[in-house]
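Quantities reported herein were computed from a predicted structural model and do not represent experimental measurements. First the proteins, then the strands, lettered A, B, ... as listed; each starts at 1.
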Amino acid sequence: MTAFKTLSEKPWIWSFLGMIAIWAATAIYTGGKGSADVITAALSFATFTAIVGVGQMFVIATGPGNVDLSIPSTIALSGAVAMKVMDGSNAMLPVGAAASLGCGLAVGVLNYLLIRVLRIPPIIATLSSSFLILSTAIAYGRGLKIKPPPLLAEFTTAQVWGLPVLALFFAVFAFGMSVVLNRTIYGRSVLAIGQNMRAARLAGIKVERTRFLTYALSAVLAATCGFLLAGFSGGASLNMGQEYLLGSIAVVVIGGTSVAGGKANLPGILGASMFMFLLVTMLNTFGASAGVRLVMTGLIIVAVITIAGGEDAQS
Amino acid sequence: MNADRLEIVTLQGVARRFGAVRALDGVDLSVLRGQCLGLVGHNGAGKSTLMNVLAGTLNADRGVLRIGDAEVQGFSAAVAKANGIRCVFQELSLCPNLTVAENTRIFHAALSGRGWRGRAKALIRAKLDEIFPGHGIDPGDMVGDLSIGKRQIVEIACAFTQTETPLRLVILDEPTSSLDAVTSKQLLEFVRKEVDGGLACILISHVLGEVLDYADEIVVMKDGLIVAQDDAATFTRARLVEAMGNVAKAADKDVEARRVIRGNAPVVVQANAGAALTAHQGEIVGLAGLAGHGQTKLLLDIFEATGSKRLATRVEGPVAFVAGDRQTDGVFHRWSISANVGVRSLRRMVRRGVIDPVAEAVMGDEWQRKINIKTPDMGSNILSLSGGNQQKALFARALASDAQIILMDDPMRGVDFGTKLEVYEIIRQEAARGRTFLWYSTETEELHNCDHIYVFRDGAIVADMSNAELTEEKILSHSFQETA
Amino acid sequence: MWRQVTSPRVLRAILPAASFVILLAAIFYVQPRAMSYFGMNLMLQYTVPIALATIAQMFIITVNDLDLSIGAFVGLTACIGATLLADSPLLGVLALLACVGAYAALGALIYWRNLPSIVVTLGMSFVWLGGAVLILPTPGGTAPGWVKAIMGLKTPVVPFPIIATLVIGISVHLVLMRSSYGTVLRGVGGNPRAVKRAGWSLLKAKMVMYAAAGFFGVLSGLSLIGLTSAADAHIADRYTLYAIAGVILGGGEFVGGRVSPIGAIIGALTLALTGSFLTFLRISPDWQIGAQGGILILVLALRALIKRQEG
């Protein structure tokens, strides 16, 4: 009982245990062949999921009803804009990055204004803005087949000692965000609002400023993901953000962040991102079809939320 | 089978606790056919708990409940309903997205099948016309579009409608709180008529005139007990007020020692609720009256007005809020005690851009000592504390902050006596250091700690008095309306 | 008189219909040829499946939840319809019934564990999609003849899609808005505590609403393959967004059980027409989805404005 309690206080442990179990199962099945390569690939792909997962985590931590559904379209827009601005030239790299981040900021501002001024629930606000953003991306990126600047492509695919450089950079960033979450006024405000918005306001917390920053952060991270992803996969495509809608929410939930708000967990996102990728790899190795993979992914998410959500229902 | 017995419901030794608070402490009561029972008492006397027990929405910890002469085990809302017991709660329990007739249907399982809508309309219209002639409500009106008063009218009328089970007992909790004088009178006359026809009714009201005029028998409650019960005719207004009040006066000798002369210090809060409210620096200002009569709203207005220059409300200096409803307004349930104390003072804990956990722990420990929060570890979860100690943590949050003005929203609800005394002492010390307290309290004894008291009724200030003028009778007399 | 017309409540009630009429008028102005039996039929043919999906979403919104999987679910039922139902009707019917049952179970799970419906349904969208891919790995299959026959009906004078959506709207209106148990179901959205206190089972209400949503999802999938003849797992991916937008355009609220079946139908029609309108204006199809988002925001903005007026 006490052991269970100690473990449940560290919810990220589950995602890491799951990750290791799945990796081990795959390794045993293949007789250890290529296990190291699997890890390298997982680190690369998981990094993208984790980047948007961090933004989504801050949004979800601000309480029930807060979800950013505009992440996929922001990824698409940011990728398209960045590719077009840079036009494959290394010299334009900083401009492209700035344009991409600018897209993210604009989306964040738009989302927040819809929530604040029109008083629309965040789900619907981000949903309707995603319509607009996606259209902009489609119209702007029509027939877009621009290769990313070589430097960007190199950077996003580079490895040192079998570890993707991007993953290393992200690890540093994740550590920073973990500090932001737990040790800054902003992070504390997010967690306080997520527990009880009314109490937070009465405790003198700047609720509106915090919510704005949170939606802006999520959009900017989605834009960053779009920028890097376009470099990684050799150009932007309009549906490259699609899988990150469920992906971002799934890693947040599996990583031990409470959907009831007020409790967030950054390490869990890293474990969960790896877990999600390795799960697909494992099912692939076992020869499962695309359909089975999808069904399994969905069922695992529902199972995790059912187990993790029950605790919140009681309190 | 109950028709030949007089008692409809009988309670024997019924008790109910909420944490440390004894809301009901062994109550014996029977309600008879053809009787209107008036129930009065000050805040927290146990009226609402008693009602909820009768309506089956709360279970008693011990005691016996009889319907007719049969003892009932596992009493519930459904059993109450099946036995013809209805209750009009103070909080509105209608669905705002449905029409008046549709809400009637929710209430009656029997209203179904072909033509149910017509029957529901006829049923509620007839009852509305009977109780409130000239009500101006159509059964097709959406409840959400009606004014609060009209919603209450609908709810009352709905409670008196009958389909399958005959009506035996109707409990009305402050039924006239949102009604004007004319509709109140219509309701009370109707209740009187029904009671004369054999119905039983429990009438809870803060308008003493209503109870005196319309009840057959009056029950006075205090501290979870029935302290007086007699024929209505034997009561007078004065006797009721006296019975509700505290016999033993709070010892307030040491309070007298620190009486400041009002008006010498600068004004720090200037607000308005029907009449002006002023608080000077270093003053403890009490907001009195019955619960929910506008005190919390005024405190929230003052909180919101901080920093902004609104004409009506002026606030000089940083403000902190001490919640009374801990769970909804105060406590961050996922955090440690230290984090809960420190949340109002995060800005001061930032070292090199990040919050210093040491500073937070130091602040926690310092206030644990100062205010005596009983816990082995300030790092453990806030919910591990008893209610009173959670409240102390919320006090510590306000007192540890830079706030010069502290708003207290009846913070002593459900706090034990020892803790109260400790906190009173701290409040007096802090006031002596120049902090200003605006203190809404529903406990009259507590108001003796205040330098100046404003009494609220129906959302407005109806009286103000200095500490020297304060008596419990005065507060009660201003809190309860003179006439119906 | 004028005051009455401009009262917030009336404004809010006529907003959906007004947006529809204005859009229709604009289409006829830009493209007078659309004002014909054939033109209307062409413009509105896809409203039937969209309207059915919108109604499904409306049931979920009535009980204060949101379904982010309805598009994938419609895709799954379309795939079942184009394969199992066509090849072995009994098995097909059983599979579709199981789908409805799964929805009811989902409602029970969400109520029992007090789960956020968005996360659960988002997870389920993968399950539905996976199921569809398993049944129909590559686009294809054939819709059963009778489904095609119904959807291809040539009704006299008034085009079939208009009649069909009207029939759907009115029948759902009768069940949800006029029946006695429908009232209880809406009450669950308005004030669950009061409904519970009156002795109704909230679990049952949630299951009924989810099952109804599943049923209409099945209808939507079948009507869709009736139009396209073949199916594809991704055939209805956009329906999730359409369905939410349709309910909102039709005057529904996200919480509080304030919904309107007729309004939802009008909302679905408005969305379908937006596409045609933009085509007639020679605006590139790129902007179609954006325009739908824009209209959604516009309507919500208007509603926020009216609400402020209400005070």
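At most 12 heavy atoms of other shown residues, nucleotides or ligands fall within 6.0 angstrom of atom CD in A:Q242.
At a 4.5 Å heavy-atom cutoff, A:L238 makes no contact with chain C through either its backbone or its side chain. For a residue to count as touching a neighbouring chain, one of its non-hydrogen atoms must lie under 4.5 Å from one of that chain's; by this rule C:I118 touches chain A with the side chain only. In this structure, the portions of A:L132 lying under 4.5 Å from any heavy atom of chain C include both its backbone and its side chain. Both the backbone and the side chain of A:L246 have a heavy atom closer than 4.5 Å to some heavy atom of chain C. Contact of A:L294 with chain C is made through backbone and side chain together, with heavy-atom distances under 4.5 Å. Both the backbone and the side chain of A:T136 have a heavy atom closer than 4.5 Å to some heavy atom of chain C. Contact of C:I135 with chain A is not made at all, since no heavy-atom distance falls under 4.5 Å. The part of A:L127 that comes within reach of chain C is its side chain, from C-beta onward, which places non-hydrogen atoms under 4.5 angstrom from that chain. Looking at A:V292, the atoms closer than 4.5 Å to chain C (heavy atoms on both sides) sit in the backbone and in the side chain alike.
Taking non-hydrogen atoms and a 4.5 Å limit, the residue list of residues 280-290 of chain A in contact with chain C, ordered by number, reads A:S289, A:A290.
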Begin from the C-alpha positions of A:V295 and C:L129 and carry the test side-chain contact (heavy atoms from CB on, under 4.5 Å) through to its verdict. CA-CA 7 Å; A:V295 171; C:L129 186 63; over 6 Å; no

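Chosen from A:V253, A:V67, A:I123, the residue pairing most often with chain C at heavy-atom distances under 4.5 Å is A:I123. Comparing C:I110, C:V127, C:V120 by heavy-atom pairs within less than 4.5 Å of chain A, the highest count is held by C:V127. Contact count versus chain A (heavy atoms, under 4.5 Å) is highest, among C:S125, C:G293, C:A304, for C:G293. Heavy-atom pairs under 4.5 Å with chain C peak, among A:I249, A:I300, A:I133, A:I124, at A:I124. For the set C:L66, C:I244, C:L106, C:L134, the count of heavy-atom pairs under 4.5 angstrom toward chain A peaks at C:L134.
Across all non-hydrogen atoms, the minimal contact from A:G298 to C:F126 is CA-CB, 3.7 Å. Closest of all the heavy-atom pairs between A:S135 and C:G290 is OG-N, 2.6 Å.
Contacts of A:R116 classified as salt bridge (Lys or Arg N to Asp or Glu O under 4.0 Å), with partners at least two apart in sequence or in another chain: A:E208. When the salt bridge (Lys or Arg N to Asp or Glu O under 4.0 Å) test is applied to A:R198, the partners found at least two apart in sequence or on another chain are B:D329.
When each of C:L109, C:T121, C:L122, C:V119 is tested with A:V302 by the rule side-chain contact (heavy atoms from CB on, under 4.5 Å), just one qualifies, namely C:L109. None of C:V299, C:I297, C:I248 except one satisfies the side-chain contact (heavy atoms from CB on, under 4.5 Å) rule with A:S128; the exception is C:I297.
For residues 108-131 of chain A, the pairs satisfying ring-ring contact (aromatic ring centres under 6.0 Å, His included) are A:Y112-A:F212, with sequence neighbours left out.
Rounding to the nearest 0.5 Å places CG of A:L118 at 11.0 Å from CZ of C:R303.
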